[in-house]
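Side chains included, hydrogens not; waters and symmetry mates left out as well; all remaining heavy atoms used. Since the model is a prediction, treat every value here as computed from it, not as a measurement. To find a chain, count down the sequence lines: A is the first, B the second, and so on, and within it residues start at 1.
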Protein chains: 2
Amino acid sequence: MSVTIRDVAKKAGCSIKTVSRVVNQEAHVTPDLRDRVLAVIDELGYVPNISARRLVQNRSYMICILLHASGVFQSSLISKVLDLGYEGNYDILIQTYYPAFSRSQSKIASLINERRIDGLVTTPPCDSDPYLINMIQQSKLPHVHIAPINPTGGTPYVSAEDYTGAYQMTERLIGLGHYRIGLLMGLRNHRTSLDRLYGFRAALERNDLAFNEQLAIDSENNFPGGYNATKILMGLKQPPSAIFALSDEAAAGALFALNELGIKVPHQVSLVSFGDMGFSHQIWPGITAVKYPVEQIVEQSVEMLIKLVEDRPLDVKQMIFPTTIIERGSTARKE
Amino acid sequence: MSVTIRDVAKKAGCSIKTVSRVVNQEAHVTPDLRDRVLAVIDELGYVPNISARRLVQNRSYMICILLHASGVFQSSLISKVLDLGYEGNYDILIQTYYPAFSRSQSKIASLINERRIDGLVTTPPCDSDPYLINMIQQSKLPHVHIAPINPTGGTPYVSAEDYTGAYQMTERLIGLGHYRIGLLMGLRNHRTSLDRLYGFRAALERNDLAFNEQLAIDSENNFPGGYNATKILMGLKQPPSAIFALSDEAAAGALFALNELGIKVPHQVSLVSFGDMGFSHQIWPGITAVKYPVEQIVEQSVEMLIKLVEDRPLDVKQMIFPTTIIERGSTARKE
DNA sequence: TTGTATGCGTTATCAG
DNA sequence: CTGATAACGCATACAA
């Protein structure tokens with residue numbers, strides 16, 4: 001078969017332990033011998049067998065990112081993961097998890113219980129699945145949350161300032177003279193959606209504006225959700241002069257609906273979104289958005305996980321990144 | 001530590017080989033004994049150690065999809081990969097490859113040479129990198145191409161009818177009365193771009209229309225590429241009445257530019273694209289597109305690769321899927 | 001500084 | 001049909 005550590009040792013005239021030392025860059029090898037071994041390694045084209053190493057060390061050198069569904073959030077998250085993936089010693093396995101499918105369940109169960117991964121990062125709403133969370137905790141697998149719905153149990157997590165971002169964006173709209181603001185909400189069982197909602201309400205209150213139930217539409221954080229909600233909003237006797245979509249997809253749906261209705265953005269209606277992951281700048285006239293710092297979140301969560309895996313100390317167990325507002329063409333002062 | 005095959009054997013009062021047989025669903029075990037073993041496995045919560053299995057079988061049960069850059073093509077490809085990922089016995093590692101970065105090179109080299117993967121699917125333009133291709137061939141690693149630039153060397157590949165798709169779409173535009181069609185080309189060193197270009201030209205010829213160099217703009221297959229090219233096209237003394245973008249991103253850029261110029265789509269200019277991966281239906285007024293069958297391509301290529309890995313016969317070594325045209329709001333008869 | 005011997009948890013061989 | 005035992009390739013106590 002292929003060349004092993006033993007072949008190298010024989011040819012170099014030393015023991016396998018010495019070769020092992022050289023390969024793993026341990027101390028206590030005379031430069032002379034080290035060079036000889038290195039030469040033989042090069043000559044024979046020796047590469048360590050990762051499976052053997054994994055077996056004896058009981059480590060997989062693989063970490064997993066768990067996703068649910070797919071959308072622009074997932075896409076931009078994955079982009080960042082891929083960028084991280086070719087650095088470092090770990091392979092990053094991107095895996096979807098659909099609680100409803102038993103195949104999906106058994107796949108992740110196998111990943112966790114067979115110790116095929118050294119650690120796990122979960123993204124919302126995976127962390128709201130009790131089966132999964134329970135399994136992770138039982139297994140004592142190193143685990144980091146991204147934007148968890150329930151940041152309980154002491155699991156480290158990385159998140160963003162959803163509340164503040166929504167608050168600031170709402171204030172900006174109010175500052176532009178918009179007092180009737182439509183809100184396209186996400187599902188209420190998502191923490192991020194809730195935080196954004198609270199931020200929105202707080203900004204209204206702060207400016208002595210009442211929260212109008214009629215203007216806050218429950219919708220899914222996707223294109224059809226935003227599309228339908230906008231149709232409803234604009235059909236009201238007193239339609240809003242601005243719409244705040246709590247996701248990029250919903251904003252895209254809203255814009256499509258507004259176009260269809262012949263309503264000019266931003267002159268007749270201003271539109272803003274929360275996320276700014278994907279094509280917010282590519283859809284005419286460019287959507288003003290709260291930028292959600294996915295990249296930093298992903299990078300940080302992976303970094304934290306690896307520290308956990310390698311048993312290195314974690315200075316902080318919660319990290320919350322600030323959001324920023326990106327101004328584009330979809331907002332204007334109320335006429 | 002954790003429970004091993006030996007523990008199960010001891011408790012069940014049989015040999016480890018028998019346990020192994022039960023676990024691997026081999027024949028030659030009396031139902032009685034099998035049940036007893038199964039019961040113990042369940043009781044002890046035994047799960048086989050994948051690393052040990054990998055070591056002894058010299059297999060990793062992991063396959064890799066190699067990507068270059070990121071865009072909507074990659075995104076929709078990844079979506080499909082993720083759907084496949086929780087089925088089957090293989091983990092699918094999604095990996096980017098940037099030939100310019102030595103870290104990226106050494107990562108993929110390690111993946112291949114240390115046999116950390118059992119097989120590899122490459123996507124364009126990875127297959128145009130000689131270093132990579134050479135390495136793959138040297139290693140004799142099972143390998144399948146997706147839409148290769150140079151389908152040489154007998155490597156199995158899966159692709160789509162780029163030529164025909166472009167031909168048909170062009171004919172459709174001509175049928176709508178468009179005789180001056182702007183073409184937003186991708187980079188010329190991509191086979192798919194070339195095939196699409198040839199299809200476009202063939203349709204023109206077939207309809208006795210001359211290919212106008214001025215209307216065919218070299219641009220990258222991305223948003224700025226399409227944006228800039230469209231600005232150029234519409235600045236011509238005789239601008240086109242229709243634009244054919246050879247990628248979704250370029251089409252989005254084109255649409256943005258047209259909006260910015262105050263040109264109505266489709267009334268003043270028709271716009272079509274090739275790909276239909278991402279948001280073609282989410283950008284007003286919906287972009288008529290040639291649908292590129294990514295999902296089928298990905299599924300098929302993974303299936304072929306696994307056959308290769310498992311040494312099962314491959315009935316076909318080249319598969320080329322047809323494209324279809326999706327009609328949306330961005331095309332109209334020339335006024 | 002270097003080497004020996006043992007074990008990691010499987011699968012596979014071959015005898016019973 | 002079943003089981004003892006030998007690999008697989010590496011890391012690591014421990015000995016020299």
Think [X] has a side-chain N or O under 4.0 angstrom from the OP1 or OP2 of [N]?
X: A:S15; N: C:dT2; answer: no
X: B:S20; N: C:dA12; answer: no
X: B:Y61; N: C:dT10; answer: no
X: B:T30; N: D:dT2; answer: yes
X: A:T18; N: C:dT2; answer: no

### Message
What I'd like to find out is whether the side chain of A:L82 reaches to under 4.5 Å of the side chain of B:S70, using heavy atoms alone.
### Response
no
### Query
Should A:I65 and A:L77 count as side-chain neighbours, where that means a heavy-atom distance under 4.5 Å?
yes
For a quick check of understanding: with a heavy-atom distance under 4.0 Å over all strands, which category does [X] fall into, base, sugar-phosphate or nothing?
X: B:V47; value: sugar-phosphate
X: A:R54; value: nothing
X: A:V29; value: sugar-phosphate

Atom [atom1] of [X] to atom [atom2] of [N]: distance rounded to whole Å?
X: B:K10; N: C:dG9; atom1: NZ; atom2: P; value: 13 Å
X: A:Q57; N: D:dC8; atom1: CD; atom2: P; value: 20 Å
X: A:N58; N: C:dT10; atom1: CG; atom2: C1'; value: 13 Å
X: B:K17; N: C:dC14; atom1: NZ; atom2: C1'; value: 11 Å
X: A:R116; N: C:dG9; atom1: CZ; atom2: P; value: 17 Å
X: B:N24; N: C:dT13; atom1: CG; atom2: P; value: 13 Å
X: B:E26; N: C:dT11; atom1: CD; atom2: P; value: 8 Å
X: A:D7; N: D:dC8; atom1: CG; atom2: P; value: 10 Å

### Task
Specify whether A:Y292 and A:F73 have parallel, tilted or perpendicular ring planes, treating 30° as the upper limit for parallel and 60° as the lower limit for perpendicular.
perpendicular
### Parallel, tilted or perpendicular, as decided by the 30° and 60° cut-offs, for the rings of B:H68 and B:Y98
perpendicular
The side chain of [X] lies closest to which of these nucleotides: [options]?
X: B:V56; options: C:dC8, C:dT2, C:dG9; value: C:dG9
X: B:L33; options: D:dT2, D:dA11, C:dT4; value: D:dT2
X: A:R53; options: C:dT11, D:dC10, D:dT2; value: D:dC10
X: A:N49; options: D:dC10, D:dA4, C:dT2; value: D:dC10
X: A:T4; options: D:dA11, C:dT4, D:dG9; value: D:dG9

### Contact nearer the 5' end of DNA chain D, comparing B:I16 with B:L55
B:I16
### Query
With no hydrogens and no angle check, is any side-chain donor or acceptor of B:R191 less than 3.5 Å from a backbone partner on B:P148?
no
### Query
Roughly how far, to the nearest 0.5 Å, is the CG atom of B:D91 from the CG atom of A:L93?
5.0 Å
